[in-house]
**Student:** 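Sharing a structure here in C-alpha cells format.
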Amino acid sequence: SGKVLTVGIGLFAAVGLSAVYFVLVVPSYPVNIVIVAMAESSTSERFAQSCLFSGVALRHRWQGANIERFSEARTYRVENAKHKVLSEGVVAMEFTAPGTKTFTSISHSGSGFIRHHVFQELMKDEEDRARAENDSDYLITSKNYTLAVIGRDRVGAVDCVLIETKPTHKDKHLFDGKMWVATDDFAIVKITGRLSKNPAFWVKNVDFVRDYQKQGSFWFPSRVEATSTVRILGTRILTIEYRKQIVSAPQ
C-alpha cells in the first residue's frame, strides 16, 4: 500500500494546480495583448509580461466579485499505462463565495485506497486553498514565472497568443510549459507542462494538460490529465472531467 500512496502523492501534486488556474473572464478589460505579442524589442517583451500578469490578477479579483455560487459534477479517474481503470469516482462540488467548497460523493468503483489517498486528498487540498484565498506562492505572478510570447495559435474557434512559461524557482506546484491565452479577453484556454520539481522520490516526470471551456461570461476547467512515472509501478494517469457547471452571480 505504501507504493500506492506514492502514486497518490505525485498525482495530487500535479492536479493541485487546479486552484491556481481557476480563472475567469474580465469582459470589460481593454486588451492590447495582440499588438504587444507581435512586438520584437526587449522593452515590448517586458511590457507583454506585465500585461499578462496584470490580466491574470484582474481575473482573480473579478471572480471574487462576480460569483456568488457555482456547482458542477466531476469524474476522477486513475488508470495504468494500458488505460486499465484502477479507480473512478463521481462527485458533486459546490462553491459559495467568498471561499467555501464542498464535495459530495455520488459514486465510486475500484480501489478504495486510491479513493481515500488520491481523490479525497485532492478535494481536501482544493477546499483548503479556497478558504485561504491568499496562496500567492503558487499563482502565475512575476515572483514565480517569466513569460515569453512565442506565437499565435487557435484552440477550437478561439484565437490565442501562445506563451512559454518558465518558473523562477523549482517547486512541485510550479510548472515549465505553455499557456494559450485568448486574444480578446485574457482567458486562459489551455495549459500544458511538467512540474518543475518531482513531488516525491518515487514519482518523477509529472506532465499535465489542462483544458478550459466557456460558460456564459466565465471560463472553467473542462478536463485535466496528469501523467507520472512511478518507480517500479510504471506509468499512472489521473484525469478529472468537469461538467454541468451552474453559476449564480450577484444581481
**Student:** Kindly indicate whether the side chain of V209, heavy atoms from C-beta on, has any atom under 4.5 Å from the side chain of R223.
**Tutor:**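 No; the side chains remain at least 4.5 Å from each other.
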**Student:** Compare all side-chain heavy atoms of I191 with those of T165 and state whether any distance is below 4.5 angstrom.
**Tutor:**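 No, every pair of side-chain atoms sits at 4.5 Å or beyond.
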**Student:** Side-chain contact test, heavy atoms from C-beta onward, threshold under 4.5 Å: evaluate it for R154 versus W180 and give yes or no.
**Tutor:**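 No, side chains not in contact.
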**Student:** What's the spacing between D211 CG and S222 OG if we round to 0.5 Å?
**Tutor:**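 Going from CG on D211 over to OG on S222, the span is 5.0 Å.
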**Student:** Find out whether N144 and T141 are in side-chain contact, i.e. whether some heavy atom of one side chain is under 4.5 Å from a heavy atom of the other.
**Tutor:**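 Touching, per the 4.5 Å side-chain cut-off.
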**Student:** K214 versus V158: any side-chain heavy-atom pair under 4.5 Å?
**Tutor:**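 K214 does not reach V158 side chain to side chain.
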**Student:** Using the salt bridge (charged side-chain N to carboxylate O under 4.0 Å, His left out) rule, collect all pairs that involve residues 106-118, keeping only residues at least two apart or in two chains.
**Tutor:**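 As it turns out, there is no salt bridge (charged side-chain N to carboxylate O under 4.0 Å, His left out) pair with a partner in residues 106-118 once direct neighbours are skipped.
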**Student:** Working to the nearest 0.5 angstrom, can you tell me the gap between L147 CG and E164 CD?
**Tutor:**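 With rounding to 0.5 Å, CG (L147) is 10.0 Å from CD (E164).
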**Student:** With side chains defined as the heavy atoms from C-beta onward, is the minimum distance between K143 and T168 less than 4.5 Å?
**Tutor:**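 No - every pair of side-chain heavy atoms lies 4.5 Å or more apart.
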**Student:** Any donor and acceptor pair, going by atom type alone, linking the side chain of S87 with main-chain N or O of G110 inside 3.5 Å?
**Tutor:**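 Absent.
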**Student:** Is the distance between the ring centroids of F175 and F208 less than 6.0 Å?
**Tutor:**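 Between F175 and F208, the centre distance is under 6.0 Å.
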**Student:** Do V85 and I114 belong together in a cluster built from hydrophobic side chains that touch within less than 4.5 Å?
**Tutor:**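 In one cluster with V85: I114, no.
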**Student:** Identify the two heavy atoms, one from V155 and one from C160, that lie closest to each other, and give their separation to 0.1 Å.
**Tutor:**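 The pair with the smallest heavy-atom distance is CG2-SG, 4.1 Å.
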**Student:** To the closest 0.5 Å, what do you measure between CD (E127) and CE (M123)?
**Tutor:**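 Here the rounded value is 8.5 Å.
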**Student:** Do you see a donor-acceptor pair shorter than 3.5 Å between the side chains of R152 and T183?
**Tutor:**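 The answer is no; no qualifying pair exists.
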**Student:** Using the salt bridge (Lys or Arg N to Asp or Glu O under 4.0 Å) criterion, which residues pair with E88? Sequence neighbours excluded.
**Tutor:**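 Only R77 meet the salt bridge (Lys or Arg N to Asp or Glu O under 4.0 Å) criterion with E88.
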**Student:** Applying salt bridge (charged side-chain N to carboxylate O under 4.0 Å, His left out), which residue pairs with at least one partner in residues 186-197 are found, sequence neighbours left out?
**Tutor:**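 Matches after skipping sequence neighbours: R194-D207.
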**Student:** Indicate the atoms forming the closest heavy-atom contact of F103 with V91, along with that distance.
**Tutor:**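 Heavy atoms only, the tightest pair is CD2-CG2, 4.2 Å.
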**Student:** With the side chain counted from C-beta on, respond yes when V78 and F119 share a heavy-atom pair under 4.5 Å apart, and no when they do not.
**Tutor:**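 They are in side-chain contact.
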**Student:** Look up atom OG in S196 and atom CG in L174, then write down how far apart they are to the nearest 0.5 Å.
**Tutor:**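 Answer rounded to 0.5 Å: 5.0 Å.
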**Student:** Just so I know, are the side chains of T75 and R243 near enough to count as touching, which here means a heavy-atom distance under 4.5 Å?
**Tutor:**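 In short, these two side chains touch, coming nearer than 4.5 Å.
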**Student:** With sequence neighbours excluded, tell me which residues meet side chain to side chain donor-acceptor pair (under 3.5 Å) with E241.
**Tutor:**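 For E241 there are no side chain to side chain donor-acceptor pair (under 3.5 Å) partners, ignoring immediate neighbours.
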**Student:** Sequence neighbours excluded, which residues qualify as salt bridge (Lys or Arg N to Asp or Glu O under 4.0 Å) partners of K166?
**Tutor:**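 Salt bridge (Lys or Arg N to Asp or Glu O under 4.0 Å) check on K166 returns D176.
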**Student:** Hey, could you give me the OH/CZ distance between Y242 and R74, rounded to the nearest 0.5 Å?
**Tutor:**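 Going from OH on Y242 over to CZ on R74, the span is 5.0 Å.
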**Student:** Distance check, rounded to the nearest 0.5 Å: E94 atom CD versus T104 atom OG1?
**Tutor:**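 So the CD of E94 and the OG1 of T104 are separated by 8.0 Å.
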**Student:** Give the other cluster members for I106, using side-chain heavy-atom distances under 4.5 Å between Ile, Leu, Val, Met, Phe, Trp and Tyr residues; answer none if it is isolated.
**Tutor:**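 Besides I106, the hydrophobic cluster comprises V90, listed by chain and residue number.
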